[in-house]
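Below is one structure, written out as structure tokens; comments come after it.
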Amino acid sequence: MTNRTCWRAGFLLCVVGLMAGFRPTTGPPLTTSSAQTHSLDTIPAPARFGFGRPATTAELTRLDIDVRPDGKGLPAGAGTAERGKAIFATKCTTCHGVGGTGGLGGALVTTTMTTTGVAGKRPEKTIGNYWPYATTVFDYVRRAMPFNEPGSLTDEEVYHLTAYLLHANGIIDEKAVITAQTLPTVVMPAQTLFIPDDRRGGSEIR
């Protein structure tokens, strides 16, 4: 018998011996619930992690800026489409194109192109044909725009931009003044297309 043959025979004997030593467990298999129990972390969470601090009232106030459909949350101020047009040209055209008719960030103003769209493509959603409430235009612009510096606009600038976008979509007159009192009264063209969720009998989110 050659050395190579001896080596192979020895290797096979080792494998057979190892396999003979293994036996299936005789206990019941772990069920899903028992497996989850074994995997649970039994170490209690500490009361504090030792970093951070409670937010101050001033800090919470800066973040608590949501505006509801009925206008609750709108700040003091006023805006016109004329002033908003100049602000839009400076801070918004890079993403939304001249006049808000389309760019990298999409169209905000309804035009013939955004309404009819390209053959085989669904029409683009804009403020004029999709948004249900004028107040949420203010809310979104104030908290999320401009894209490269969200939250940098003053309340007055947001009012001007909101007035401009509403006028550009043919919703308000060019001379209209948008305030916390007048903005909630603006009826959007798409408002009737949205149906309140009044279902009962299941999980309810309000």
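Values below: all heavy atoms of this structure, side chains included; hydrogens, waters and symmetry mates excluded. Predicted, not measured: the structure shown is a model, and the values here were computed from it.
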Once you round to the nearest 0.5 Å, how far does [atom1] of [X] lie from [atom2] of [Y]?
X	Y	atom1	atom2	answer
Asp66	Leu74	CG	CG	10.5 Å
Glu174	Lys85	CD	NZ	8.0 Å
Lys91	Met145	NZ	CE	13.5 Å
Leu165	Trp131	CG	CH2	9.0 Å
Ile87	Glu157	CD1	CD	5.0 Å

Query raised in the report: Which pairs, with at least one residue in residues 57-95 and sequence neighbours excluded, count as a ring-ring contact (aromatic ring centres under 6.0 Å, His included)?
Result: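 Found Phe88-Tyr164.
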If only atom types and distance count, is the side chain of [X] paired as donor or acceptor with the main-chain N or O of [Y] below 3.5 Å?
X	Y	result
Thr135	Pro69	yes
Thr90	Ala86	yes
His96	Thr101	no
Arg142	Ile65	yes
Glu124	Ala107	yes
Thr182	Val177	yes
Asn129	Asn169	no

Return the minimal non-hydrogen interatomic distance between [X] and [Y], and the atom names on each side.
X	Y	result
Leu183	Phe138	CD2-CB, 3.9 Å
Tyr159	Thr179	CE2-C, 3.7 Å
Ile171	Met188	CD1-CE, 3.8 Å
Ala81	Ala163	N-CB, 3.6 Å
Ala76	Asp155	O-CB, 4.3 Å
Val109	Gly99	CG2-O, 3.2 Å

Report task. Look at atom CD of Glu82 and say whether more than 12 heavy atoms of other residues, nucleotides or ligands are closer to it than 6.0 Å. Result ->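 At most 12 heavy atoms, drawn from other residues, nucleotides or ligands, come within 6.0 Å of this atom.
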Query raised in the report: Is the number of heavy atoms from other residues, nucleotides or ligands within 6.0 Å of CZ (Arg143) greater than 12?
Result: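 Result for CZ/Arg143: enclosed.
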Report task. Please identify each residue that fulfils ring pair (Phe, Tyr, Trp, His ring centres under 6.0 Å) with Phe147, with sequence neighbours left out. Result ->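 Not a single residue meets the ring pair (Phe, Tyr, Trp, His ring centres under 6.0 Å) criterion with Phe147.
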Query raised in the report: By ring pair (Phe, Tyr, Trp, His ring centres under 6.0 Å), which residues pair with Tyr133, not counting sequence neighbours?
Result: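 Partners of Tyr133 under the ring pair (Phe, Tyr, Trp, His ring centres under 6.0 Å) test: none.
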Query raised in the report: Under the 4.5 Å side-chain heavy-atom rule for ILVMFWY, direct or indirect, which residues accompany Phe51?
Result: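 The other cluster members (ILVMFWY side chains, heavy atoms under 4.5 Å, direct or chained) are Phe49.
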Query raised in the report: Shared ILVMFWY cluster between Val137 and Phe194, side chains joined below 4.5 angstrom?
Result: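 Val137 and Phe194: one cluster.
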Query raised in the report: Pro146 versus Leu153: any side-chain heavy-atom pair under 4.5 Å?
Result: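 Contact flag for Pro146/Leu153 side chains = yes.
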Query raised in the report: With a 4.5 Å heavy-atom cut-off, do Asp173 and His167 have their side chains touching?
Result: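 Not touching, per the 4.5 Å side-chain cut-off.
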Report task. Could you tell me which residues satisfy side-chain contact (heavy atoms from CB on, under 4.5 Å) with Asp70, sequence neighbours excluded, listed by chain and number? Result ->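 Asp70 satisfies side-chain contact (heavy atoms from CB on, under 4.5 Å) with Arg68, Lys72 once adjacent residues are dropped.
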Report task. Just jot down the side-chain contact (heavy atoms from CB on, under 4.5 Å) partners of Arg48, sequence neighbours excluded, or say none. Result ->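 Once residues adjacent in sequence are excluded, Arg48 has no partner under the side-chain contact (heavy atoms from CB on, under 4.5 Å) criterion.
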